Amino acid sequence: MTDIFAELTWRGLIHQTTDDANLPAWLMTQPRTLYAGFDPTADSLHVGHLVALMILRRFQQAGHRPIALMGGATGMIGDPSGKSEERTLLSADTIGANVAAMEAQMRRLLYFDSGPQGAALVNNYEWMSRWTYLDFLRDVGKNFPVNVMLAKDSVRARLERTDSGLSYTEFSYMLLQAFDFVRLRESFGCELQVGGSDQWGNITAGIDLGRRMGHGQLYGMTCPLLTKSDGTKMGKTERGAVWLSPVRTSPYAFYQYWINVNDADAGRCLRMLTELPREEIESLDAARAADPARRESQRRLAEALTQLVHGPEGLAKAQQATKVLFGGEFGALTENELSEIFADVPSCELARARLEGEGIGLLDTLVTAGLAASKGEARRKIGEGGVYVNNRRENSIDRRLTTADLIGNSIIVLRMGKAKYALLRFK
RNA sequence: GGGGGGUUUCCCGAGCGGUCAAAGGGGUCAGACUGUAAAUCUGAUGGCUAUGCCUUCGCAGGUUCGAAUCCUGCACCCCCCA
């Protein structure tokens with residue numbers, strides 16, 4: 001068997017384990033079953049889920065069996081860990097839809113065939129929904145000393161805040177997650193739970209419950225949260241999270257996110273998120289130190305992740321779009337090529353007749369295309385040299401778009417700033 | 001219940017009768033530099049049919065030639081006393 005523990009260690013993926021001394025050997029002696037939980041709070045996974053998902057994938061490749069647990073039930077409660085405020089509750093329908101969407105995404109990263117290492121995907125709603133309140137209190141709740149629960153960081157942090165409390169509902173969250181572990185132990189022989197470092201309290205709660213309910217020794221392992229060198233979360237942009245769903249974050253935007261990763265963060269991302277071998281990552285480290293301007297690390301990172309999440313086609317499109325968009329003028333391109341490349345970019349349709357004669361004012365068009373919030377802003381941005389028509393800077397606020405600006409028969413490309421594009425299609 | 005303080009443009013925060021679309025900072029956006037980075041620097045940051053017009057300073061009225069600024073009432077928040 002592959003030494004998964006050593007692998008995770010050099011990648012910086014181990015933050016804390018419940019048994020540093022024995023876990024490495026335990027994982028070497030035979031295939032094990034492990035799980036990580038995902039709360040279905042949106043209809044797509046995002047970059048924040050990627051670390052845990054990749055850990056499951058690594059375990060699977062090392063010969064173990066991963067289970068992805070969808071928190072259909074726990075998602076209805078809301079995990080207070082790492083949250084500063086009480087969460088709003090999602091409806092059961094929404095959660096059901098989210099579970100289905102996330103599941104589809106996971107199928108790209110884990111192998112769900114039926115072999116001994118085949119991944120499993122389970123939804124804790126299946127068993128949680130069957131409990132009655134009284135039974136749950138008697139069978140599970142009885143095993144939770146409140147003083148221990150109160151001592152958990154996740155709970156204490158919330159109780160110490162004066163501006164927001166902790167509801168009984170959220171307080172109960174850890175019982176549900178703890179029971180999940182026990183349940184997976186019973187029905188899948190799952191003995192290891194992995195999660196982000198903020199999950200420590202929930203994981204150990206499950207281990208304690210397992211012991212009290214007579215399921216023997218369970219293990220837990222947490223990974224560091226993937227943060228940037230400035231301390232903020234990786235995978236967040238001004239426009240929100242970077243999603244795995246191509247509908248929410250286009251393959252191009254996804255690729256661009258990684259291309260733009262800071263030098264200081266590139267090494268950690270390569271280790272934690274990609275499956276590039278150690279030698280390659282170390283040689284990228286060296287290359288980055290010697291010649292950061294080449295951004296080889298970022299390129300490899302973006303390639304590896306885009307390929308993984310969006311497949312070879314997604315990667316090819318993202319790369320092609322990048323080449324063109326950052327390449328200058330596109331006079332030589334055909335309409336079809338442009339359409340293809342700009343598939344990701346917001347576009348709007350206008351009547352071709354409007355280009356005839358006088359044409360339409362650039363100012364209005366920038367607003368219609370959504371690049372400027374108002375004509376005033378459009379005017380300013382042109383003055384600042386931030387507006388481009390077909391990738392050529394435009395300086396006149398009186399500029400009108402006419403048939404002469406068309407690429408092929410129907411397209412004009414507007415750009416604001418470095419990388420914000422909008423496509424105008426004329427019919 | 002009594003007394004005091006507050007509510008300002010995306011956020012924080014100054015303004016306390018005209019020169020206020022409203023200082024300063026943050027954020028954001030654009031430009032320069034560069035490596036589609038970081039840092040730095042510059043500029044912009046309510047709208048429009050644009051040397052003017054309209055909307056904005058908790059809400060509703062009022063005083064005044066003129067109000068974010070004064071008065072009255074209402075709502076919400078904070079502090080002190082009971």
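Every chain is numbered from 1 and lettered A, B, ... according to where its sequence line falls, protein lines coming before strand lines. For clarity, every value in this text was computed on a predicted model and none was experimentally measured. Excluded from the calculations below are hydrogen atoms, water molecules and symmetry mates; all remaining heavy atoms, backbone and side chain alike, are included.
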Listed by chain and number, what are the side chain to side chain donor-acceptor pair (under 3.5 Å) partners of A/N22, not counting sequence neighbours?
-> A/D19

Indicate whether any N or O donor in one side chain lies under 3.5 Å from an N or O acceptor in the other, for A/Q256 and A/T322.
-> yes

Does the pair A/D263 and A/Q298 meet the rule for a side-chain hydrogen bond (donor to acceptor under 3.5 Å, both in side chains), with working shown?
-> CA-CA 8 Å; A/D263 294 351; A/Q298 283 88 340; 3.0 Å; yes

Within 45 degrees of the axis of the six-membered ring of A/F112 and under 6.0 Å from its centre: does A/R107 put its NZ or CZ there?
-> yes

Do side-chain atoms of A/R299 reach the backbone of A/R294 as a donor and acceptor pair under 3.5 angstrom?
-> yes

Filtered N/O pairs between nucleotides 42-46 of chain B and protein, under 3.5 Å:
from	atom 1	to	atom 2	distance (Å)
B/G43	N2	A/E384	OE2	3.3
B/A44	O4'	A/E384	OE2	3.4

Indicate yes or no: does A/E275 engage A/R57 in a salt bridge with an N to O separation below 4.0 Å.
-> yes

Starting at atom CG of A/D263, determine the distance to atom P of B/A37, rounded to an integer number of angstrom.
-> 11 Å

Expected output: side-chain A/D3 to main-chain A/A6 donor-acceptor under 3.5 Å = yes

Rounded to whole Å, the CZ-P distance (A/R288 to B/A38) equals 16 Å

Which distance, rounded to the nearest 0.5 Å, do you find between the CD1 of A/I203 and the CD of A/Q177?
-> 7.0 Å

Measure the distance from CG on A/N262 to C1' on B/U36 and round it to the nearest whole Å.
-> 13 Å

To the nearest 0.5 Å, how far apart are CZ in A/R271 and CG in A/L284?
-> 9.5 Å

Under-4.0 Å side-chain N/O to phosphate OP1/OP2 contact, A/R393 with B/A32 | yes

Backbone N/O of A/E280 and side chain of A/S283: donor-acceptor pair under 3.5 Å = yes

Calculate the interatomic distance between A/R299 atom CZ and B/U36 atom P; express it in whole Å.
-> 9 Å

Would you mind reading off the distance between A/I382 atom CD1 and B/C29 atom C1', rounded to a whole angstrom?
-> 15 Å

Residue pair A/S44 / A/R248, side-chain donor-acceptor N/O under 3.5 Å = no

Non-neighbouring partners of A/N98 that pass side chain to side chain donor-acceptor pair (under 3.5 Å), sequence neighbours left out = none

Assess the side chains of A/K152 and A/T204: does a donor N or O sit below 3.5 Å from an acceptor N or O?
-> yes

Dot-bracket for RNA chain B, 5' to 3', Watson-Crick and G-U pairs with both distances under 3.5 Å, [ ] for crossing pairs, | for partner on another strand, reads (((((((..(((.....[.....)))((((((.......))))))(((...)))...(((((..]....)))))))))))).

Return the orientation label for the A/F179 and A/F136 ring planes: parallel under 30°, perpendicular over 60°, tilted otherwise.
-> perpendicular

Given the P atoms of B/C12 and B/G62, what is the spacing between them in whole Å?
-> 31 Å

Examine B/G31: is either OP1 or OP2 under 4.0 Å from a nitrogen or oxygen in the side chain of A/Y388? Give yes or no.
-> yes

Separation of the C1' atoms in B/C70 and B/G15, to the nearest angstrom = 15 Å

Can you check whether any acceptor in the base of B/G35 is under 3.5 Å from a donor in the side chain of A/D291, or vice versa?
-> no

When you compare B/C71 with B/G4, how far apart are their P atoms, in angstrom units rounded to a whole number?
-> 13 Å

Pairwise P distance for B/G66 and B/G13, with rounding to whole Å = 33 Å

Given the P atoms of B/C10 and B/G58, what is the spacing between them in whole Å?
-> 13 Å

Which whole number of Å gives the distance between the C1' atom of B/A32 and that of B/A37?
-> 16 Å

In numerical order, the residues of residues 358-373 of chain A whose heavy atoms come under 4.0 Å of RNA chain B are none

Pair A/E384 + A/K381: basic N to acidic O under 4.0 Å | yes

Over how many whole Å does the gap from A/F326 atom CZ to B/A37 atom C1' extend?
-> 12 Å

A/K375, nearest nucleotide to its side chain (from B/U36, B/C29, B/U49) | B/U49

What pairs of nitrogen or oxygen atoms, one from the protein and one from nucleotides 20-24 of chain B, lie under 3.5 Å apart?
none

Please give, in whole Å, the distance from B/A37 P to A/W258 CH2?
-> 17 Å

When rounded to the nearest Å, what value does the distance between P atoms of B/G25 and B/C74 take?
-> 40 Å

A/K418, nearest nucleotide to its side chain (from B/C48, B/A37, B/G35) = B/A37

Whichever of A/Q256 and A/G376 has the more 5' nearest nucleotide on RNA chain B, that residue is A/Q256

Contacts of A/V387 and A/P292 projected onto RNA chain B by closest heavy atom; the upstream (5') one is A/V387

Between A/F254 and A/W258, how do the two ring planes meet: parallel, tilted or perpendicular, split at 30° and 60°?
-> perpendicular

Quote, to the nearest angstrom, the C1' distance that separates B/C80 from B/G47.
-> 45 Å

Can you tell me how far P of B/G35 sits from CG of A/L284, to the nearest Å?
-> 20 Å

